[in-house]
Amino acid sequence: MTTSFPHMMSSRRGVLRLAALGLGAAALGPALTACSGGASGSSGKLIGTTLDGIIALAKKEGKVQLIALPDTWANYKGQLEKFKAKYGIDAPVASPDASSAEEVQAVKTLLGQSSQPDSIDIGYSFTKPAIDQGLVEAYKPSNFDKIPANLKDPEGKWVGAYYGVISIGVNTKGTPHPKGFEDLKRPEFKGKVALPGDPRTGAGSLATVFAAALAYGGSADDITPGIEYFAELARLGNLVNISKTGSALASGQAAVVFDWNYNFTGMSAEMKRTGVDLEHFVPSEGVFGTYYAQPVTKSSPQPNAARLWVDWLTSDEGAEQYALGGAVPARFAELAKAGKLSKEALATLPDPEVLNKVTFPTVEQGAKANKLVTDTWAAKVHA
């Protein structure tokens, strides 16, 4: 997840103060336009022209500097462990709960410094700002041709290694199980339904408005029915405000919450510990998803390790780790058909028939939706 809404924060991560990132000042330099070719990148460091060459040089670099990868988000804990075990390369993660906007700012501010992130993991709406500001450089991983066209930049400025689908999570302990959006208007859900945050600042919350719009005759070009739906829930007293899905379910602040399918997978252990009987499902009438993109940053301190990390995420092994965490790998259709995903991994994902129905927005559609929500949410929803 090309126009964007650069002020919009990702719903996966809390909005941290930039000061917490320990950012310093740096100047912008010229962007690299070649895809992995040539003896050196924009940092002037030697970059391998084959995957074997990249691996050898990455091992000499010894580490890849990452940012904003929570352990429970799309199973990044598993990704990091397997990557380190295979290549013997350290992968420290700065500010695990930072937002996509903060990731882009971190690269911009730290550009050319030894503490600059080598690769980032950003919502689809942040891809164009990153490109426009000259913060990323092109790299086409070894599986680039197998990644669907709508999940990659044609020039290799980014790939979207995984995506999620908006789902409804329910604490079934004392709460009826809804079948979809319409059921949540019923009196028994008074004071129990929540978005994962504010759709004016959160990608997951905005995606939920998209999904509701699809359920009520709207489209990726017109999310007005989704806004009207949540306005009605607010009028009925069914909609409540929360800051975090897991804590809201655990505390009883909400009993039904919308969020990405993989977030519910990631919080399952926490929910079990706190006594929440969590069930989640994708509402069939509004199947909506967006991806997160993994570009290599410009002037990366460890340019080969950065490329190897992106290659890993789009590999068969990386896809397996994403799927184990409930995130849908970009190459899902290909890998599932070839039997390359484990039964355990497949069991965590939405039904393939549901995935075939996913609507992905263009960044232009996302920008239009964000503006409409920003302009009308307070007046219509009062939440």
Side-chain angles (χ1 to χ4, degrees), residues 1 35-36 50-52 54-55 73-83 85-87 121 123-124 127 139-167 207 210-211 214 220 260-266 268 280-295 307-362:
M1 344 182 145
C35 288
S36 75
T50 66
L51 182 56
D52 286 342
I54 288 171
I55 292 171
W73 176 274
N75 190 33
Y76 268 116
K77 180 180 181 179
Q79 293 282 21
L80 292 163
E81 289 175 350
K82 297 294 184 181
F83 177 81
K86 181 169 183 174
Y87 296 112
D121 183 83
Y124 77 103
T127 54
Y139 171 63
K140 294 182 178 180
S142 56
N143 283 305
F144 185 81
D145 291 342
K146 298 177 181 178
I147 298 172
N150 61 347
L151 296 176
K152 63 187 176 186
D153 174 66
E155 297 180 4
K157 293 290 182 70
W158 56 265
V159 293
Y162 69 98
Y163 66 90
V165 185
I166 287 297
S167 299
F210 266 106
L214 296 178
W260 298 117
N261 64 298
Y262 51 75
N263 278 348
F264 290 120
T265 301
S268 59
H280 61 96
F281 66 98
V282 179
S284 59
E285 67 272 39
V287 185
F288 184 85
T290 60
Y291 56 84
Y292 279 81
Q294 296 75 40
R307 286 158 173 77
L308 184 57
W309 173 248
V310 175
D311 219 283
W312 163 266
L313 295 177
T314 53
S315 70
D316 294 4
E317 296 162 288
E320 169 77 5
Q321 291 304 310
Y322 275 135
L324 286 170
V328 186
R331 298 170 53 217
F332 170 76
E334 168 214 340
L335 296 175
K337 184 177 181 180
K340 292 185 176 181
L341 292 173
S342 69
K343 290 182 179 179
E344 181 185 1
L346 290 171
T348 68
L349 299 176
D351 189 287
E353 291 187 9
V354 172
L355 296 179
N356 286 335
K357 300 176 183 177
V358 175
T359 294
F360 291 105
T362 64

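Treat the numbers as computed from the prediction; the structure is a model and nothing was measured.
Here D316 pairs with R331, K340 under the salt bridge (charged side-chain N to carboxylate O under 4.0 Å, His left out) rule; sequence neighbours left out. With sequence neighbours excluded, no residue forms a side chain to side chain donor-acceptor pair (under 3.5 Å) with S284. Qualifying ring-ring contact (aromatic ring centres under 6.0 Å, His included) partners for F360, counting only residues two or more places apart in sequence or in other chains: Y163. With sequence neighbours excluded, the residues satisfying salt bridge (charged side-chain N to carboxylate O under 4.0 Å, His left out) with K86 are E317. The side chain to side chain donor-acceptor pair (under 3.5 Å) check on N75 picks up Q321, with sequence neighbours excluded.
Pairs of residues two or more places apart, or lying in two chains, that qualify as ring-ring contact (aromatic ring centres under 6.0 Å, His included) and include a residue from residues 314-349 are Y76-Y322, Y162-Y322.
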Derivation and outcome, side-chain contact (heavy atoms from CB on, under 4.5 Å), residues K140 and D145: CA-CA 9 Å; K140 294 182 178 180; D145 291 342; over 6 Å; no

CA sep, side-chain torsions, deciding dist, call: W309, L80, side-chain contact (heavy atoms from CB on, under 4.5 Å): CA-CA 9 Å; W309 173 248; L80 292 163; 3.7 Å; yes

Steps toward side-chain hydrogen bond (donor to acceptor under 3.5 Å, both in side chains) verdict (Q79, W312): CA-CA 9 Å; Q79 293 282 21; W312 163 266; 2.7 Å; yes

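Pairing each heavy atom of A211 with each of I166, the nearest pair is CB-CG2, 4.1 Å. For the residue pair N143 and T314, the shortest heavy atom distance occurs at ND2-O, 3.3 Å. Contact between A330 and P148 at its shortest, heavy atoms only, is O-CD, 3.3 Å. Minimum heavy-atom separation, F144 to D153: CZ-O, 3.3 Å. The nearest pair of heavy atoms linking L214 to G286 is CB-CA, 4.1 Å. Contact between Y262 and G164 at its shortest, heavy atoms only, is CE2-CA, 3.4 Å.
R307 is not listed as a side-chain neighbour of L51, based on a closest heavy-atom distance of 4.5 Å or more. By the 4.5 Å heavy-atom criterion applied to side chains, V358 and F288 are not counted as neighbours. Within the 4.5 Å cutoff, side-chain heavy atoms of T290 are placed close to those of W260. V287 is not listed as a side-chain neighbour of L355, based on a closest heavy-atom distance of 4.5 Å or more. Using a 4.5 Å heavy-atom threshold, the side chains of K157 and T127 count as separate.
No donor-acceptor distance shorter than 3.5 angstrom exists from the side chain of N261 to the backbone of S167, with no hydrogens or angles considered. In this structure, T348 contributes its side chain and A323 its backbone to a donor-acceptor pair below 3.5 Å. Between the K152 side chain and the I147 main chain, a donor and an acceptor come within less than 3.5 Å of each other.
Put simply, CG on L324 and OG1 on T265 are 10.5 Å apart, with the number rounded to the nearest 0.5 Å.
When only modelled atom types and interatomic distance are considered, S142 and D311 share a side-chain donor-acceptor pair under 3.5 Å.
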